[in-house]
Number of protein chains: 2
Amino acid sequence: MSGSSAPIRLLLADDQALVRGALAALLSLEPDLTVVAEVGRGDEVVPEALQHTPDVALLDVEMPGLDGIAATAALRTALPACRVLVVTTFGRPGYLRRAMEAGANGFVVKDTPARQLADAVRRVHAGLRVVDPTLAAETLATGASPLTERETEVLRAARAGGAVAELAKALHLSEGTVRNHLSAAIGKTGARNRAAAVRIAEQNGWLLGD
Amino acid sequence: MSGSSAPIRLLLADDQALVRGALAALLSLEPDLTVVAEVGRGDEVVPEALQHTPDVALLDVEMPGLDGIAATAALRTALPACRVLVVTTFGRPGYLRRAMEAGANGFVVKDTPARQLADAVRRVHAGLRVVDPTLAAETLATGASPLTERETEVLRAARAGGAVAELAKALHLSEGTVRNHLSAAIGKTGARNRAAAVRIAEQNGWLLGD
DNA sequence: CCCGCGCCCTGACAAATGTCACGGCCGGAA
DNA sequence: TTCCGGCCGTGACATTTGTCAGGGCGCGGG
């Protein structure tokens with residue numbers, strides 16, 4: 001498979017130390033792969049990558065400091081030679097879209113069989129795009145977020161569970177306006193509650209940027 | 001550590017195939033450990049365990065079919081010789097309590113360093129209890145669920161986001177009663193919203209059974 | 001026994017939430 | 001230019017939600 005060339009150098013980013021270490025063990029079984037760096041926070045990705053110059057970075061989406069999508073974008077500009085493979089727990093349709101827009105070269109969910117991961121890494125390293133086909137279909141079906149900018153902003157603020165008055169003050173809007181945006185979001189998500197709307201938007205990855 | 005005795009036989013249960021495989025790789029690095037079975041659903045734990053008679057079972061809490069706590073209880077009665085080490089993503093205080101009550105011998109969160117996992121397995125196999133100390137402290141501080149049976153039931157139903165009328169019909173109660181239980185739950189959790197109450201209760205592991 | 005305590009259940013009331021119709025603003029099409 | 005459509009912002013209104021006071025029931029202690 002990888003005859004005699006130098007091994008592919010990997011950077012792993014995942015906030016769960018146990019999973020990170022386990023992935024390192026799994027990938028180290030492959031003779032043509034080497035893990036050269038591990039980080040547990042999104043904002044440590046770029047510094048560590050600059051120091052160790054990996055060929056491929058495996059990034060989780062849910063991470064403290066900086067989410068995987070933002071880390072992808074930062075890494076692509078800081079170290080364009082490094083490919084990015086996003087590895088995430090949830091197959092949120094929006095995540096895939098955002099990851100690709102941010103410059104990721106591959107997207108794999110943690111449900112995929114373990115043996116396929118090494119192949120995904122090799123494909124990405126070879127310049128190919130790797131995407132879970134079922135997730136890709138779902139992404140196309142779901143489409144981009146129907147929510148307008150303000151609507152997402154308000155929904156995001158509503159996630160914390162505060163009352164309308166607090167949201168209004170935090171966003172410098174009238175209470176009526178906040179209610180209206182929430183109502184629109186509820187309608188567009190097909191929910192009947194503010195809470196349900198938040199959940200649906202979250203599941204689709206429409207609330208990502210903070 | 002394990003001079004010449006037979007290796008410890010392990011069963012792995014985790015719904016994410018990638019994590020499961022990675023853990024298998026990690027644990028297989030230890031010469032005194034062998035993975036003899038892997039499952040991705042809680043209701044497959046007992047059948048597989050009966051067939052392969054592992055010495056220690058590593059169970060995730062979040063799993064389809066049957067959650068890790070219920071699987072622990074089932075496994076302890078079906079195969080008492082097999083020790084159980086619960087390995088979970090979230091350090092929900094209630095999870096630890098419930099796991100121990102269900103007969104688990106150890107409880108580890110996925111934040112712990114990878115190198116400690118093998119030791120945890122060995123300790124559990126030796127008959128010791130393994131518990132994350134910080135989590136144990138938090139569990140004692142948080143205490144058991146303050147929610148009454150009906151209150152948890154109503155909160156669980158409210159998780160889906162339905163209106164009071166639907167909950168009332170589903171639970172065969174008056175709307176007023178449902179509101180009252182919800183109000184009590186809101187008060188006990190310290191929340192100001194039904195939605196916030198649901199989140200807090202979920203985070204503390206008070207909504208477990210179904 | 002009788003009392004107190006906690007849980008369950010219920011309806012009436014106040015407060016928050018969701019809906020609606022409306023006006024201003026901007027950018028593209030006719 | 002004018003018109004049209006989308007997004008933002010706002011207030012009035014109906015609906016839903018949360019709070020409160022209260023009654024019934026079972027259980028353990030005095």
Side-chain angles (χ1 to χ4, degrees), chain A residues 94 97 142-204 206-210, chain B residues 94 97 142-204 206-210:
Chain A
R97 174 182 303 272
T142 306
S145 171
L147 300 176
T148 194
E149 187 179 350
R150 272 283 192 274
E151 285 159 5
T152 48
E153 198 175 347
V154 173
L155 254 198
R156 228 178 280 159
R159 217 171 5 177
V164 172
E166 311 175 37
L167 306 188
K169 202 157 46 176
L171 300 173
H172 304 291
L173 291 177
S174 157
E175 299 193 11
T177 305
V178 172
R179 283 206 200 86
N180 195 27
H181 284 309
L182 285 173
S183 182
I186 290 169
K188 288 181 181 177
T189 55
R192 262 195 306 213
N193 264 352
R194 169 189 322 196
V198 167
R199 269 216 338 234
I200 292 175
E202 235 170 14
Q203 286 179 353
N204 287 348
W206 294 338
L207 259 42
L208 204 72
D210 241 281
Chain B
R97 172 181 305 272
T142 306
S145 171
L147 300 176
T148 194
E149 187 180 351
R150 272 285 193 274
E151 286 159 4
T152 48
E153 198 175 348
V154 173
L155 254 198
R156 229 176 282 158
R159 216 172 3 177
V164 172
E166 312 174 36
L167 307 187
K169 202 157 45 177
L171 300 173
H172 304 289
L173 291 176
S174 155
E175 299 192 11
T177 305
V178 172
R179 283 207 200 87
N180 196 25
H181 284 309
L182 285 172
S183 181
I186 290 170
K188 288 181 180 176
T189 54
R192 261 195 307 212
N193 265 349
R194 170 189 320 196
V198 167
R199 269 214 339 232
I200 292 174
E202 235 170 13
Q203 285 179 353
N204 287 349
W206 293 339
L207 260 40
L208 204 71
D210 242 280

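In the text below, chain A, chain B and the rest are named by the order of the sequence lines, each starting its count at 1.
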Within this structure, what is the CG-to-P distance between A:Asn193 and D:dT17, rounded to whole angstrom?
-> 6 Å
Send over the distance from A:Leu171 CG to D:dG9 C1', rounded to a whole Å.
-> 13 Å
Nearest-Å distance, CD (A:Glu166) to P (C:dA15)?
-> 17 Å
In whole angstrom, give the distance that lies between atom CZ of B:Arg179 and atom C1' of D:dT17.
-> 6 Å
Ignoring hydrogens and angles, answer whether the base of D:dT10 and the side-chain atoms of A:Asn180 contain a donor-acceptor pair closer than 3.5 Å.
-> yes
So A:Arg159 and A:Leu155, side-chain contact (heavy atoms from CB on, under 4.5 Å) or not? Walk me through it.
-> CA-CA 6 Å; A:Arg159 217 171 5 177; A:Leu155 254 198; over 6 Å; no
Where the side chain of B:Arg150 is concerned, which of C:dC9, D:dT17, D:dC8 is the nearest nucleotide?
-> C:dC9
Rounded distance in Å - CD1 (A:Ile186) to C1' (D:dT15) = 13 Å
Provide, to the nearest angstrom, the distance between the CG atom belonging to A:Leu173 and the P atom belonging to D:dG11.
-> 11 Å
Given the rule in the side-chain contact (heavy atoms from CB on, under 4.5 Å) test, do B:Arg194 and B:Val164 qualify, once you have shown the distances and angles that lead to the verdict?
-> CA-CA 11 Å; B:Arg194 170 189 320 196; B:Val164 172; 3.3 Å; yes
To the nearest angstrom, how far is A:Leu182 atom CG from D:dT10 atom P?
-> 14 Å
Contact summary for B:Lys188 and B:Thr148, nearest pair of heavy atoms | NZ-N, 4.1 Å
Contact under 4.0 Å: B:Ser174 side-chain N or O vs C:dC9 OP1/OP2 = no
Base, sugar-phosphate, or nothing: which does A:Thr148 touch, judged by heavy atoms less than 4.0 Å apart?
-> sugar-phosphate
Taking the nucleotide of DNA chain C with the closest heavy atom to each, which residue, A:Glu175 or B:His172, is nearer the 5' end?
-> B:His172
From CD of A:Glu151 across to C1' of D:dC8 the rounded distance in Å is 10 Å
Charged N to carboxylate O under 4.0 angstrom, B:Arg150 versus B:Glu153?
-> yes
Around B:Arg199, counting heavy atoms of other residues, nucleotides and ligands shown, do more than 12 lie under 6.0 Å from its CZ?
-> yes
Between A:Lys188 and B:Arg192, who's closer to the 5' end of DNA chain D by nearest nucleotide?
-> A:Lys188
Under 4.0 Å between a side-chain N or O of B:Thr177 and OP1 or OP2 of C:dC8?
-> no
